[in-house]
Undergrad: 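Can you read through this structure? Questions will come right after.
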Amino acid sequence: MGMNPTVQALRERFGPRIGRALVSCGDTIVYVDREAVREILRWLKETPGQQYNYLVDITAVEYRDPERPLEVVYELFSLDRKVPLRVKVELPKDQPLEVDSVVPIWQGANWLEREVYDMFGITFRGHPDLRRILMWETYSEGHPLRKDFPLRGRFSRSEQVRQALGASPEAHYSKEELSIADLYHDLPADMRERLVRQGVLEAGSRIGSRTVELTVGESGAALAPAWGGAGTAAAVAEEPDFGGDHMLVNIGPQHPATHGVLRLVVELDGEVVVRCIPHIGYLHSGFEKLGEYRHYNQIIPLTDRTDYLSPMANNVGFAMAVEKLMGIEITERCKVLRVIACEMSRIISHLIWMGTTAIDIGAFTPFLWTFYERERIYNLQEAWTGARLTTSLTRVGGMMADIPDGFVEGLREFCRTFPKTLAEVDRVLTRNGIWCARTQGLGALTAEEAINHSLSGPMLRASGVPYDVRKDRPYLDYETYDFEIPVGEHGDVYDRYLVRFEELRQSTRILEQALDRLPDGPINVDDPRVILPPKSAAMNDMEAMIFHFKQVMEGVKPPVGEAYFPIENGKGELGNYLVSDGTAKPVRWRIRPPSFINLSALPKMAQGHLLADLIAINASVDIVMGEVDR
Amino acid sequence: MSPELKGYLLLAALKIIVVFTAYNLGVMLVIWAERRISGFIQDRLGPNRVGPEGLLQSVADGLKNILKEETIPGEADRVLFFLAPVLSFIPALILYAVIPFGAPLPIEFDGVLPWWTIVGPLLGHITIHGPVPMVIADIPIGLLFILAISSLGVYGIVLAGWSSGSKYSLLGGVRSSAQMISYEIALGMAVISVFLLAGNVTLSEVIAVQQESVWFVLALTLGFILFVIAAFAETNRLPFDLPEAEAELITGYHTEYSSMKFSMFFIAEYSNVITMSALMATLFFGGWDIPFTTWDEGEPSVAKWAATVVMFALKTGFFVFTYIWVRWTLPRFRFDQLMQLGWKVMLPVALGYIVLIATVVWLLDRAGVERGVGYGLILFAVNLALVAVFLWGLDRGRLLIGASRQRARVVS
C-alpha cells in the first residue's frame, strides 16, 4: 500500500513543520513538529477532504536505544473516508517531555493522555485533569513503561508496604476526590466556601480561565472533609457527614454493580448525581510492560487476561497484529476458525452484558437464562481450547489446535437453539414497561459526542454511527459474510441494549455461515519462521530440528517496523499496536482498550441522572476491568 | 374465675400458639417456595438437599444464622441498631391476629380437662361454649388495626437505615420511609372502598358480606388492583424493592446487618408477604369462603371448619405465589418513577374511585336494588369500565408500554 495522500496535503499546508513520513506494514506514519501538533491534528480533523474525525488511540513509544527520542503516537481514523493515519511526535530525552494536549479537540483524549502521563511521564500542556490513572496518586516509583524502569519495579515489596502504611489517607484521597476544578463555579456558594475553608481550593487560585474569588467565612475552623470518615473526630462532630447539601458516596471497588474493581466516587444531591469520578487501576497488571520481556507467542497468554470475558477474540487480535507485522497470510481454514472464535467470544461477552445489566436494573431471571446459554458456548470453547478462561487459542501464523470432533455439530446445535432463549429474553425485557422506563433516555450521547469521546463498538453504534471494524476495516474476510450492523437512534441505554441484542442475532448468522464454508486444510501457515515443525519431523529431520530449536529458543522475529491492527470484539475496537526492532520481543505492545475508552465517557453520561441510573449507565458501557486496567 | 372465662382464655392461648407456630412454619415454607419457584423460573433446581425436596433448607439457614458472628459497625447507634430488626419483625406477626382464617369451629366442653393435657388439672372446671371463631382477636376495628400496625413496620426499616451509620443504609431507609408513607395512603384509600360496600371494618363482617353478595374482587375490581399494587410496595417486593435495591444500595437498610438480625428482616419480609396475601384473600376473595356453594355458611361443623381453613390457605398461597412470580419476572422501578406512580397515579385514582363507588352505591340504594349477587354484578360492570379507563390512562406510552422502538435499525 502506498503513502497516504494526506501526507502531501499536510506538507503543502504546514511545510517544514511536517517531518519525515514512511509506510510500515501498510500504515502511513507521519512525524510532525511537537509545537504544532494540536494545530495539525485540528486541521486533520476539520478540513474537508481529510476528516480524520475519530481519535482511535494515543500512546507513546520508547525505544530500547537510549539515544532515540520518545514518540507520542496519535492513531487517527476517518469515519467518513475509512482511512487511517498515524501521526507521531518526537520528544528528545534531553528536553522536557511536554506536548500540547488534544483534549480540546477530542474529549476521548482525556484518559488516554492521562495514561501516557502515568506510564511515560509525558506532560500534556492544557490537559484539564492530568493525574495518574492506572497507578495510584501517590505512586512514587516513576513511570512504569519507561525502559529504565525495571520489570519488578523500583521498590521491594516490603518497601511498598511500608510506604503504603506510612502514607496519610488524607494525602491520598483529598486532592483527587475534591478536585472540583471543572465544576467549581457551578457549585452553591456555601459549598464553595466550605471547599475553600477546607483548604482544598485556595482563594485566588485559578481554575481554568477563572479565579476562585471567594473569601474564607467567619468560622475558619477546619471542617470535616465532605467524603466523611477521614477527618478527625472533632471535625466530624462539628459538621456531620450528612449535614451538607451534597453527599459523597463511594461506590466500589467492592460493589456488586461495578462489574469488577471499579471505584466511583459520586457526589449526590439527594439521589441526583452531581459528579461522578471513576477511579481505575485496581486490577492493573502491567501487561504491556510484561509483553516487552516476552516472545510474541508468549504474549498470547497475557491477552487472555485482558478482556477475560472474550479471551478468544483477544488471542485472534494479537496474533493478527503480529502477522501484519510479519506480512504473513494465514490459511483459509484458520481464517474461518478465527471468525468462529471471534463470534463465539462476542456472544459470550454480550450474554454476560445482558444478564448483568438486567440484574443491575432489578430483573434477576434473564441473568440466569443468558448464563445458561453462555455455559453452552463455554463448553464448546473448553472442548476446543481446554480452557474456559485462559484459552490462548492462537499462535502467530495459525492456531494452537484445530477444532475437536463433534465441535461443528455442537455449534450448529447451539446456533439452532440459541435464538429461542433470545426470544424469551426479548419477551421479558424489550417491551417491558419498567425496563423501558428504566433505560430509555438514560445516558444519551449524540453521534458527535460519541465520536468525540472515541467510543467504539455498541456504545458508538447505539448513538447512530455505523462504524464496525468488521465492515469498515475488514479482516478475516468479514466482507464476504452476510451480516448487518445494528445502529441506534438515541444513544441511550435502551438503544445499547437493542444494538447488542441484534448483534447476538447477527453473530449467530455469521457462525452459521462460517460453519457452512469451513474448508479443509491446514490451520497453520507453512512457514518455519513462525510455526513449529511437527514433532515427528523435528525428531527425524535435521532441518526441521534446527527450526524447532530456533523457534523455541529465539522465538518469532518480525522485521523492524510497526503495525496497528484493530478487530471488533464485544466491547468495541480492540487494537493491538506493535513496534518491533527486529528482535523476538516487541519494543512496545499497546492494547487499544475499548472498554477503557468507553468508560471514560461515564462521568459525562451520568451527570444529572439518579443514583440508580448511574448503575444502569455504568452497566450499559459494558466494561471488563481486566481490560480497563490491563 | 368463672369456668367460661377460663375456657375463653385457654382457647385464646391455644389459638395464639397454634396460629403463630403455623404462621412461622408458613414463613419457612414461603422462603423455601420462593427459592424453588425462582429456581423453576430460572431453569435451575434451587435448594433440594436439606430434607425432602429441600424443605428444611430454612431450618438449616436459621441455624447457621444463629451461630454466625454478629457484627455491629463502629458508627452504629447500638440500641436502635438492635431494636430495628425487632421493630420490623413484630408488627408483621401482630397483624395476623385479626385475620379470620376459617369457619367457626363448634366445640362444646363442660368439665375438667383430662390429666394428659398437663394444664387440665391445674385449671379445674372449665366451660367452652362454641362455635369458636377462627381468629385470634375478632376486634371491631379489625381493618383499622391492620392499617395502624402495618405503618409501624416502616420504623424498623428507617431506624435500621439510620442507626447503621452507613450511607447506603441511610439512602435505603430514606427511600423506604418515602415509599411506605406514599403507598400507605393508596392502600388505605383502596380499603375504604371495601368499607363502603361492607359497611363495617370488622374482617369477619367483611367476609360475611362477601358471602351474601359477590366477592369484592368483582364488585371492586379497580380497588383490588390498587390494593395489590400498594401491597407490593408496602412489602418492599419487586418491582418496588427500592429500599434494598441490591444493585445500587447493596440491599440498602440491612447492608450492615448480619447473622440473626439480618434473618429477622428476612423473616419480617416474608411475614409481610403472607399477611398481605391473607388480607387480599380476606378483603377481595371472600376470606375462607368456598365459592359456588353455600354449604360452608350453614351450621358450623368440623368438616366445614377444615374445608374453609384449607380454602383460606389456598387463596393465601395463590397470592404468595403471585408475589414470587412477579418478583422473578420484573425489573425494578426507579425512585422517582415509584413516587410518581404513588402520588400522581395511585392517589388520585384511589380518591376518584372512592367518590365513584360511593355515588354508585348511593344511586343503587336509592333505586332500591337489593344487596345481593345482582347488586355486585352491576358494580362489576362499572368496575370493568373503570379498569379499562385506568389502564388506558396509565398507558399513553409512559408506563406500561414505553417501547416505541423495539429493534435496532440495521445497516448492511
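So you know, we letter chains A, B, ... as the sequences are listed, proteins then strands, and number each from 1.
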Undergrad: Shorter than 4.5 Å, heavy atoms on both sides: which option in A:Asp482, A:Asn618, A:Leu610, A:Val428 has the most such pairs with chain B?
TA: A:Leu610
Undergrad: Just to verify, what does A:Glu479 make a side chain to side chain contact (heavy atoms under 4.5 Å, CB included) with, not counting sequence neighbours?
TA: A:Pro474, A:Asp477
Undergrad: What closest approach, in Å, do A:Ala437 and B:Arg334 show between heavy atoms, and which atom pair accounts for it?
TA: O-NH1, 4.1 Å
Undergrad: Counting only heavy atoms not in A:Phe371, do more than 12 sit closer than 6.0 Å to its CZ atom?
TA: yes
Undergrad: Counting only heavy atoms from other residues, nucleotides and ligands, does the tally under 6.0 Å from OH of A:Tyr378 exceed 12?
TA: yes
Undergrad: Determine yes or no for a side-chain-to-main-chain donor-acceptor pair under 3.5 angstrom, with A:Arg438 supplying the side chain and B:Arg332 the backbone.
TA: yes
Undergrad: Just checking A:Phe414: does its CZ atom have more than 12 heavy atoms from other residues, nucleotides or ligands closer to it than 6.0 angstrom?
TA: yes
Undergrad: Would you say B:Lys68 has more than 12 foreign heavy atoms packed within less than 6.0 Å of its NZ?
TA: no
Undergrad: Starting at CZ of B:Phe333, measure out to CD1 of A:Ile361 and round the result to the nearest 0.5 Å.
TA: 13.0 Å
Undergrad: Would you say A:Thr365's side chain and B:Thr329's backbone share a donor-acceptor pair under 3.5 angstrom?
TA: no
Undergrad: Pick one of side chain, backbone, both or neither for A:Leu442, based on which atoms fall under 4.5 Å of a heavy atom in chain B.
TA: side chain
Undergrad: Which heavy atom of B:Gln42 sits nearest to which heavy atom of A:Trp369, and what is that distance?
TA: CA-NE1, 3.8 Å
